[in-house]
Amino acid sequence: MKIAIGADHGGYRLKDELVPLMQSLGHEVVDVGCSCDQSVDYPDYALPVCDLVAQGKADRGILVCGTGIGMSIAANKIPGIRCALVHDTFSAKATREHNDTNVLALGERVIGPGLAQDIVRIWLETPFSHTDRHVGRVNKIKEIESKYASHP
Ligand code: RB5
């Protein structure tokens, strides 16, 4: 798959550790930055990653900030994005099977690199369940998105 990844200054170290992992799993990685400790604003990195996913130019996106919270809030404002903030392997699997999430948010200040790598591996390899109930619920999310898109 083609994976877009981005981080702010609170998450770039973990991002830089996840890039070689994904490449070793055979994925193509597009890294939109950032790459240093200089303070930046997480929405500026959530947007290019989510743009690539929403436009179909990347299959999935991964966002890392200090907590993962700001990135996940910003990502979920973008039509077509279903982003989950995940810090455990059970949720990594469940959010793919149940929610068909296309963006994963992680907090570098919350979990260590070993757990983050397990989460990413599981999240990338788990398919959506495609059962009627989960398809129906995701479609309801899409209906909410459409409804509010027409109410500026
Ligand atoms: C940056 O200090 C921090 O606020 C950011 O990385 C993130 O945790 C925000 O949600």
Side-chain angles (χ1 to χ4, degrees), residues 1-25 27-126 128 137-138 140-149 151-152:
M1 287 193 287
K2 188 168 179 178
I3 316 292
I5 189 166
D8 73 355
H9 56 286
Y12 81 91
R13 291 172 204 78
L14 178 56
K15 167 182 71 66
D16 288 349
E17 292 192 54
L18 294 174
V19 170
L21 167 77
M22 293 189 286
Q23 289 168 334
S24 75
L25 294 172
H27 301 292
E28 181 186 350
V29 180
V30 180
D31 184 348
V32 306
C34 73
S35 297
C36 71
D37 283 317
Q38 187 186 338
S39 181
V40 294
D41 300 330
Y42 54 82
D44 294 339
Y45 293 86
L47 184 58
V49 166
C50 293
D51 260 347
L52 287 167
V53 175
Q55 292 175 33
K57 294 177 181 169
D59 300 295
R60 303 270 191 91
I62 295 183
L63 297 167
V64 192
C65 64
T67 59
I69 296 170
M71 285 292 199
S72 61
I73 292 171
N76 280 313
K77 297 294 179 192
I78 297 164
I81 298 302
R82 289 180 302 284
C83 174
L85 170 57
V86 173
H87 288 142
D88 66 277
T89 53
F90 175 83
S91 301
K93 184 167 180 278
T95 195
R96 284 290 310 133
E97 290 176 340
H98 293 205
N99 316 121
D100 196 17
T101 44
N102 50 14
V103 175
L104 174 70
L106 297 164
E108 180 187 301
R109 296 171 184 161
V110 183
I111 54 170
L115 177 55
Q117 290 185 3
D118 284 352
I119 288 167
V120 166
R121 202 178 292 113
I122 290 166
W123 185 76
L124 289 175
E125 75 190 15
T126 304
F128 180 46
R137 290 164 188 161
V138 170
K140 287 191 178 189
I141 293 172
K142 291 176 183 173
E143 284 167 19
I144 292 169
E145 202 172 63
S146 303
K147 178 180 172 191
Y148 284 91
H151 290 271

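Ligands are counted one by one from 1 in listed order, and the atoms in each one are counted from 1 as well. All values below come from the heavy atoms of this structure, side chains included, with hydrogens, waters and symmetry mates left out. Small disclaimer: the values here were computed from a predicted structure and weren't measured.
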Are there any protein N or O atoms under 3.5 Å from the N or O atoms of ligand 1? List them with distances, or say none.
residue, atom, partner, partner atom, Å
ligand 1, 2 (O), R109, NH1, 3.4
ligand 1, 6 (O), D8, OD1, 3.4
ligand 1, 6 (O), D8, OD2, 2.6
ligand 1, 6 (O), G66, N, 2.8
ligand 1, 8 (O), G66, N, 3.4
ligand 1, 8 (O), T67, N, 3.0
ligand 1, 8 (O), T67, OG1, 3.0
ligand 1, 10 (O), T67, OG1, 3.2
ligand 1, 10 (O), G70, N, 2.8

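- The one candidate from N76, V53, I78, T101 that meets the side-chain contact (heavy atoms from CB on, under 4.5 Å) condition with C83 is N76.
- Closest non-hydrogen pair, R82 versus K142, comes out as NH1-CE, 3.7 Å.
- Between the OG1 atom in T126 and the CG atom in D100 there is a gap of 11.5 Å [rounded to 0.5 Å].
- Electrostatic pairing of D37 and R13 counts as a salt bridge here, judged by a charged N lying under 4.0 Å from a carboxylate O.
- A pairwise comparison of heavy atoms in V32 and V49 identifies CG2-CG2, 3.6 Å as the closest pair.
- A salt bridge is absent between R121 and E125; no separation between the charged side-chain nitrogens and carboxylate oxygens falls under 4.0 Å.
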